[in-house]
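All chains are named by letter (A, B, ...) in the order of the sequence lines, taking the proteins before the strands, and each is independently numbered beginning at 1. For the numbers below, each heavy atom of this structure counts, side chains included, while hydrogens, waters and symmetry mates do not.
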Number of protein chains: 2
Amino acid sequence: MRDTTPQGTYKVQALDRAFAVLDLLGESDTPLGLAQVASSLQLHKSTAHRFLMVLERHRMVERTPNGKFRLGLRLFDFGNRAIEQYDLRDRAQPHLRRLVTETEETAHLCILEAARVIYLDKIEPARSVRMITRIGASNPVHCTSVGKAILAFLPPERAAEVVRRIRFERLTHRTIATPEALRAEMEKTRRRGYAVDDEELEEGLRCIAVPLLDAQRLPVAAVSISGPSFRVTAQKLPSIANQLLQCVRGISVDMGYVSSSRANRAATAAWTA
Amino acid sequence: MRDTTPQGTYKVQALDRAFAVLDLLGESDTPLGLAQVASSLQLHKSTAHRFLMVLERHRMVERTPNGKFRLGLRLFDFGNRAIEQYDLRDRAQPHLRRLVTETEETAHLCILEAARVIYLDKIEPARSVRMITRIGASNPVHCTSVGKAILAFLPPERAAEVVRRIRFERLTHRTIATPEALRAEMEKTRRRGYAVDDEELEEGLRCIAVPLLDAQRLPVAAVSISGPSFRVTAQKLPSIANQLLQCVRGISVDMGYVSSSRANRAATAAWTA
DNA sequence: CAAGGAATCTCATATCTTGAGAATCTTGAT
DNA sequence: ATCAAGATTCTCAAGATATGAGATTCCTTG
C-alpha cells in the first residue's frame, strides 16, 4: 500500500490513514460512502469502516441521513480552539470590516506558515461575486500579495529560508517562476511599501497587500484587498494601499504593537538592520 | 494503560490516543511540553513524542519557538471545511448582525448534535463584556435556551430520544434537573413560542431563543440573545422574542425554507411519505 | 562548566491493527 | 411483493506495526 506520507521520519500508519480519510472527506464537496472512501484510499472496506467508526465516535466525522460520511463538527471545535491563540483575528476583524466598507472589495487577513500563507479571515463586501477562498485554506507565498508582503519585510535569512522551501509552481502565465524574479519583486515591494499580485494566482484577480508588523517591526501577518482586475485597476492601487496602511495601523494599535500617538512612522523606513 | 475511550465498540488505539493529545492541547490555554503531555495522558515519553511528531507533520499541532506544543492550523482548515456544509452559517450572519445592532446584546446561532447544542456562530455587540462561549464549543441541551427552543419543536419521538440521552448535570441552582421538569418547560416553550434560559447555565446570564424551522417545519437550528440578567429583564423578553422571530423569518427566506410572500402557510401537510 | 531536566532515538517484543471473507442490511427494478 | 446487486457491518486468526525501556543527545540554569 502506497502511503501519502509527506517527508518525515516518524510514522504511525493508523494516524496517516485517519488523516487521509479526513483529507478525502474535506476535499470532496459531497459526502462519501464507505466504498468510495475505501477505494479512493486503497484501503480495505473493513479497514476503512473501522476508521470511520472511530472517527465518528470522536465526532471528527458524521453521517448524513443516508449513511454517507462527511467531516464532523468536532473539527470545527478544534479549529476554533486552534485560532483562539491568534487573537489577532478577533482584534483585526473590526478594522477589516471598515476596510471592506470603504473599498467595496474583499479583504483577507493572512499569516505565513512554512512557505504558504494561511487565510485567517476573509470579509466580503455586501454585493460581490463570492471569492473562492475558504478561511483556513492556504496558498503558496510566491503567488499571493499577502505572501509577498510578509516575505519582503522578513529578516533576510528568514526570507531566504522561506524562499528555499518554495516549489515554484505556475498557476497562471504571470506567476513568478524563479527565486531571482521573486527577490526582485520583494525589492520592489519594500520600495513602494505594499505588495501586488497581478493575476499571478488566478486569471482576472488582482490583489494588494501590506504587512502587519509587530513591536519588533517583524511581519506577523498581512492584510489584503482582492478583486477583479477591471475594478482593482492599476490606477487605484496607491489609494487602496493607503487604506490598507490605515487599516493595519489600527490593528497594530489594537494589538499593542505601537502606541496610537506615534503610529505614523512609515513602515518602509523602519527596516534597516 | 487505561483508555479514555467513550463507549463504542470499534477501536483504534492509536487514534484514540492521538485525539486525546489534541484534546489535551485544546483544553490547555498554554502550550505544553512533551513531558507534560506524556504524563497527563499516561503515555510513555517515547510514545507521546512519536505521536506529536506525526501530528506536527500533519500540521495538527505546531511548536512554539521554545519547543512546546499547541494545536496547529490544519485543524482550523478542517474546521472551516466542516462547517462549509452548513451554509446556514453564512446565510444567517447578516441577519444575526442586524439583530445584534437592534438588541445590543450577544446573538448565537446553534444546532443540535446528540444531546448538546453546538455554537455555529456568535456575534457580539460593539461594547459589551465578552461572553465566554467559543464558537464551535457545545453545551448540554437542557440548560440552554437554544437547546430548549429546538427540543420543544422536534417531533415527540425525536425529542424523547434526545431527552433520554441527557445527563442532567446541574450547572447552577436553577438548572433543570429532571426529565419531567424539562418536558413541562418544553410545553411552556411551545405555548409562548420562544425558550428562555434564566440563569440555568450560568449565574447572572439570561438567554432567550427561537427555533429556525426548515421547509418541513422541523427545527434545524436556533437563534438566541444572551445578556446579563439585569439588562435582559423579564419585561423585555417578549419584545426581544419578537426581534428574534423577525430575524429567524429573514433567515428562513434566505435559506429558501419559505417563500417571502406567503411566509406563513403551515407546511405541516407536506409530510406524508 | 557542570548538572539536571527535557527531548530524541534505537530496537527487540508482543500488542494491536489488519484484511479476507461471511453475514446482514439497503435499494431499486420488475 | 420479490429478488438481485450493492453497500455496510462483523468476526477472527496472522503478522505487521506500534510500543516503551533505556541510552543518548540537547538545552538550560545555577
Side-chain angles (χ1 to χ4, degrees), chain A residues 1-25 28 30-72, chain B residues 1-25 28 30-72 272-273:
Chain A
M1 209 212 50
R2 225 44 247 109
D3 62 330
T4 341
T5 314
Q7 82 303 106
T9 148
Y10 292 90
K11 204 175 149 182
V12 176
Q13 190 193 54
L15 271 189
D16 287 337
R17 287 177 164 187
F19 290 137
V21 169
L22 293 181
D23 258 329
L24 180 67
L25 294 179
S28 159
T30 135
L32 301 177
L34 166 61
Q36 295 171 284
V37 173
S39 79
S40 303
L41 269 55
Q42 316 239 58
L43 290 180
H44 215 265
K45 266 185 312 179
S46 180
T47 309
H49 180 250
R50 187 161 6 91
F51 272 92
L52 286 166
M53 296 313 268
V54 175
L55 288 171
E56 186 187 23
R57 175 156 48 77
H58 285 279
R59 291 176 40 229
M60 303 304 250
V61 152
E62 62 187 28
R63 312 192 70 160
T64 58
N66 56 69
K68 308 251 183 219
F69 298 90
R70 61 177 177 193
L71 294 184
Chain B
M1 211 211 48
R2 232 33 255 114
D3 63 328
T4 342
T5 313
Q7 83 301 106
T9 148
Y10 291 91
K11 204 174 148 183
V12 175
Q13 191 193 54
L15 272 189
D16 287 336
R17 288 176 164 187
F19 290 137
V21 170
L22 293 181
D23 258 330
L24 181 68
L25 295 178
S28 160
T30 133
L32 301 177
L34 167 60
Q36 295 171 283
V37 173
S39 78
S40 304
L41 268 48
Q42 315 239 59
L43 289 179
H44 242 263
K45 266 186 313 181
S46 180
T47 309
H49 180 249
R50 187 161 6 90
F51 272 95
L52 285 166
M53 296 314 269
V54 175
L55 288 172
E56 186 187 23
R57 174 156 48 77
H58 286 279
R59 292 175 39 229
M60 303 303 245
V61 308
E62 61 187 29
R63 313 191 69 161
T64 58
N66 56 70
K68 308 251 185 221
F69 297 90
R70 61 176 177 193
L71 294 184
T272 349

Do any side-chain nitrogens or oxygens of [X] fall under 4.0 Å of OP1 or OP2 in [N]?
| X | N | value |
| --- | --- | --- |
| B:Tyr10 | D:dC10 | yes |
| B:Arg17 | D:dT19 | yes |
| A:Arg63 | D:dT9 | yes |

Applying a 4.0 Å non-hydrogen cut-off, can you work out what B:Gly33 is touching in the nucleic acid: base, sugar-phosphate, or nothing?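 Touches sugar-phosphate only.
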Please list, by residue number, the residues of residues 46-53 of chain B whose heavy atoms come closer than 4.0 Å to an atom of DNA chain C; answer none if no residue qualifies.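 The answer is B:Ser46, B:His49.
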What pairs with A:Glu62 under side chain to side chain contact (heavy atoms under 4.5 Å, CB included), at least two apart in sequence or on another chain?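 Expected list: A:Arg70, A:Leu73, B:Gln85, B:Tyr86, B:Glu113.
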Distance, rounded to the nearest Å, where [X] contributes [atom1] and [N] contributes [atom2]:
| X | N | atom1 | atom2 | result |
| --- | --- | --- | --- | --- |
| A:Leu41 | C:dG19 | CG | P | 12 Å |
| A:Leu34 | C:dT26 | CG | P | 15 Å |
| B:Leu55 | D:dA18 | CG | C1' | 15 Å |
| A:Lys11 | C:dC9 | NZ | P | 17 Å |
| A:Asp16 | D:dA18 | CG | C1' | 13 Å |

Return the minimal non-hydrogen interatomic distance between [X] and [Y], and the atom names on each side.
| X | Y | result |
| --- | --- | --- |
| A:Leu22 | A:Met60 | CD2-O, 3.9 Å |
| A:Phe51 | B:Leu15 | CD2-CD1, 3.7 Å |
| B:Arg50 | A:Lys11 | CD-O, 4.1 Å |
| B:Ala20 | B:Leu41 | C-CD2, 3.8 Å |
| B:Leu55 | B:Ala18 | CD1-O, 4.2 Å |
| A:Tyr10 | B:Val54 | O-CG2, 3.8 Å |

Hey, what do you get for CG (A:Asp23) to OG (A:Ser40), rounding to the nearest 0.5 Å?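 Taking CG in A:Asp23 and OG in A:Ser40, the distance rounds to 12.0 Å.
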Treat primed atoms plus P, OP1 and OP2 as sugar-phosphate and everything else as base, then score nucleotides 24-30 of chain D 5' to 3': B for base contact with protein heavy atoms under 4.0 Å, S for sugar-phosphate contact only, - for none. -------
Side chain of B:Gln13: nearest nucleotide among D:dT8, C:dC16, C:dA7?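 Ranking D:dT8, C:dC16, C:dA7 by closest atom to the B:Gln13 side chain puts C:dC16 first.
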Aromatic ring pairing A:His58/B:Phe19, orientation class (parallel under 30°, perpendicular over 60°, tilted between):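 Judged by the thresholds at 30° and 60°, the geometry between A:His58 and B:Phe19 is tilted.
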Assuming nearest nucleotide by heavy-atom distance, tell me which of A:Leu15 and A:Lys68 is located more 5' along DNA chain D.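 Residue closer to the 5' terminus by nearest nucleotide: A:Lys68.
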